[in-house]
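Letters go in sequence order (proteins before strands), and every chain restarts at 1. Remember, predicted model here, so these are calculated numbers, not experimental data.
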2 protein chains.
Amino acid sequence: MKLEKITTKTKRRYEDSCGTAHALDLVGERWALLVMRELMLGPRRFSDLRANLPGVSANVLTQRLESLEGSGVLRRRKLPPPASVQVYELTEWGLEAEPIILSLGRWGARSPLQDDSLPISAMSAILSMRAMFDPARTEEKLDMTLAFHFDQDAYTVNVREGRLTAERGEADEVDVEIRGSPSDVLGVVYGLSSLEEAERAGMLTVTGDRAGFLRFASAFELPPKACA
Amino acid sequence: MKLEKITTKTKRRYEDSCGTAHALDLVGERWALLVMRELMLGPRRFSDLRANLPGVSANVLTQRLESLEGSGVLRRRKLPPPASVQVYELTEWGLEAEPIILSLGRWGARSPLQDDSLPISAMSAILSMRAMFDPARTEEKLDMTLAFHFDQDAYTVNVREGRLTAERGEADEVDVEIRGSPSDVLGVVYGLSSLEEAERAGMLTVTGDRAGFLRFASAFELPPKACA
DNA sequence: CTGTATCCGTGTTGATACTG
DNA sequence: CAGTATCAACACGGATACAG
């Protein structure tokens with residue numbers, strides 16, 4: 001017979017030593033992985049997170065951040081003055097969860113039930129490209145820097161030696177600059193709409209190496225939907 | 001102002017078109033991925049699932065199976081007489097979720113908080129090997145068939161051309177046969193305890209190509225824990 | 001024996017309002 | 001801006017009862 005736990009801290013855990021089960025103990029709660037998604041490209045503040053996670057309420061976000069901090073997935077840090085704001089950032093190990101998020105993304109993209117009309121965060125768009133990038137699809141080897149300007153946020157994407165990396169912010173020298181909403185940009189990158197149409201509809205603006213951007217886009221293929 | 005939803009079907013969804021978020025809509029509920037884990041090597045019945053998922057209650061398991069069936073991840077099938085029992089099996093697409101489960105497992109294995117003393121299902125042990133197998137770690141090329149006899153369940157593992165595959169049941173010709181509990185077997189495979197010690201303690205029995213099994217075990221490395 | 005349905009206590013979630 | 005407080009609705013887990 002077990003002793004009663006004195007603390008009422010009855011955290012719900014899978015009593016299973018399987019690594020998968022343990023991972024779910026840590027990041028399986030609602031919102032946890034999406035919070036991590038938003039942090040994959042560097043630290044952000046509370047309200048950035050809230051703004052990019054449609055529907056999360058402040059109290060739940062607080063709880064999730066506490067719990068992820070407690071398990072060593074992220075840490076909170078106070079930026080030095082004059083900024084002096086608090087930000088949340090993934091630990092090294094938290095950053096290593098990227099394959100989880102990408103494999104979920106690749107799998108979810110094949111769902112017959114997905115609704116593409118919902119909003120998508122800038123971070124999701126970048127990670128989606130990271131998940132779907134396949135350098136083997138291009139004839140020539142890609143080597144370029146792209147600047148994506150979503151509504152507020154700017155991201156820099158580098159393609160070097162068959163690898164796609166991304167960071168927040170603007171780089172100095174870019175080959176091509178793309179402006180538009182995350183979903184419109186993804187639409188063109190994945191070949192769901194042509195660049196010309198998107199430009200004519202005013203959804204997108206491409207300046208710089210236009211042909212390079214088209215070659216970039218040809219490296220992506222949306223997987224077929226699983227049969228319904 | 002939104003109209004009230006008339007249907008009381010308030011399914012909690014992330015209103016987010018990100019593939020990751022959608023995947024979590026489908027398999028992010030408690031137990032869902034662990035149910036899928038148990039089905040990764042073929043169909044099983046309700047009570048097999050229950051027996052291998054410590055703590056799941058019958059009603060929750062029923063709900064999860066319904067919901068996963070509804071989203072096309074698994075289907076229920078009635079085996080032909082004389083068996084005539086109902087089994088649950090993953091669809092093709094459901095099977096493609098394996099990378100999710102493996103990446104979670106690899107990540108969770110690095111957690112400083114994991115408790116190895118908990119029970120582990122036979123299926124988890126097999127999937128764990130699939131997640132951690134690294135053929136580059138062996139000098140010679142492995143090519144062998146192993147029979148794992150866990151408490152009740154037998155699994156056959158094939159290593160061919162640097163790939164590890166597994167199936168439930170016994171094969172006709174095996175090179176080596178390993179008997180023991182899932183956790184004791186994993187302990188030896190991952191080098192946490194030596195084969196000799198484990199055998200002396202009566203935890204393990206290896207019959208057949210013993211050296212082959214040791215070479216097999218050398219293809220695995222447990223990743224280091226993330227700093228606590 | 002194999003599931004399914006129903007009740008119930010508890011914990012989690014999410015919306016709103018509120019505070020430093 | 002960065003969270004707390006409160007509260008209602010829901011999900012979870014356990015027990016039990018039921019159906020084939």
>> Suppose we screen for ring pair (Phe, Tyr, Trp, His ring centres under 6.0 Å). Which residues come up paired with A/Y155, at least two apart in sequence or across chains?
In response: none
> Counting just side-chain N and O atoms, does B/Q63 come under 4.0 Å of either OP1 or OP2 of D/dG13?
Replying inline: no
>> Tell me the interatomic distance from B/L24, atom CG, to C/dT13, atom P, rounded to whole angstroms.
In response: 14 Å
>> Taking the cut-offs as 6.0 angstrom to the six-membered ring centre and 45 degrees off its axis, would you call A/R30 and B/Y14 a cation-pi pair?
In response: yes
> Within this structure, what is the CG-to-P distance between A/L65 and D/dA2, rounded to whole angstrom?
Replying inline: 11 Å
> On DNA chain D, nearest-nucleotide positions of A/Y14 versus A/Y88: which is more 5'?
Replying inline: A/Y88
> To the nearest angstrom, how far is B/E66 atom CD from C/dG3 atom P?
Replying inline: 13 Å
> Just checking, is any N or O donor in the side chain of A/R37 or B/T20 under 3.5 Å from an acceptor N or O on the other one?
Replying inline: no
> Over how many whole Å does the gap from B/L49 atom CG to C/dT4 atom P extend?
Replying inline: 11 Å
> Salt-bridged, B/R44 to B/E38, with N to O below 4.0 Å?
Replying inline: yes
> Does the side chain of B/Q86 get closer than 4.0 angstrom to OP1 or OP2 of C/dG3 through an N or O atom?
Replying inline: yes
>> For B/R76, is there an ion pair with B/E89 - N to carboxylate O distance below 4.0 angstrom?
In response: no
>> Expressed as a whole number of angstroms, how long is the span from A/E29:CD to D/dA11:P?
In response: 17 Å
> Are the side chain of A/S111 and the backbone of A/W107 linked by a donor-acceptor contact shorter than 3.5 Å?
Replying inline: no
> Within this structure, what is the CZ-to-P distance between B/R13 and D/dA11, rounded to whole angstrom?
Replying inline: 13 Å
> Between A/T156 and A/E170, do the side chains contain an N or O donor and an N or O acceptor separated by less than 3.5 Å?
Replying inline: no
> Would you call the rings of A/F220 and A/F133 parallel, tilted or perpendicular if under 30° counts as parallel and over 60° as perpendicular?
Replying inline: tilted
Which atom pairs, donor and acceptor, lie under 3.5 Å between side-chain atoms of residues 48-58 of chain A and protein residues at least two apart or in another chain?
unit_1	atom_1	unit_2	atom_2	d
A/D48	OD2	A/R45	N	3.3
A/N52	ND2	A/D48	O	2.8
A/S57	OG	A/N59	OD1	2.7

> B/L61 has an atom CG; how far is it from atom C1' of C/dG3, in whole Å?
Replying inline: 10 Å
Using nucleotides 18-20 of chain D, report all nitrogen or oxygen pairs with the protein that are shorter than 3.5 Å.
none

> Distance-only, no hydrogens or angles: does the A/R77 side chain make a donor-acceptor pair with backbone N or O of A/Y88 under 3.5 Å?
Replying inline: no
>> I need a per-nucleotide contact map over nucleotides 14-20 of chain C, read 5' to 3'. Cutoff is protein heavy atoms under 4.0 Å; write B for the base, S for backbone only, - otherwise.
In response: BB-----
> For DNA chain D, what residues of residues 33-48 of chain A have any heavy atom nearer than 4.0 Å?
Replying inline: A/R45, A/F46, A/S47
>> OP1 or OP2 of D/dG3 versus the side-chain N and O atoms of A/R76: is any pair under 4.0 Å?
In response: yes
> Which whole-number value in Å describes the distance from B/R64 CZ to C/dG3 P?
Replying inline: 18 Å
>> Counting neighbours of CZ on B/R160 that are heavy atoms of other residues, nucleotides or ligands and sit closer than 6.0 Å, is the number greater than 12?
In response: yes
Can you give me every donor-acceptor pair (side chain of residues 175-191 of chain A, partner residue at least two apart or in another chain, under 3.5 Å) with its distance?
unit_1	atom_1	unit_2	atom_2	d
A/D175	OD2	A/T145	N	2.7
A/E177	OE2	A/R179	NE	3.3
A/E177	OE2	A/R179	NH2	3.0
A/S181	OG	A/D184	N	3.2
A/S181	OG	A/D184	OD2	3.1
A/Y190	OH	A/S128	O	3.0
A/Y190	OH	A/S128	OG	2.5

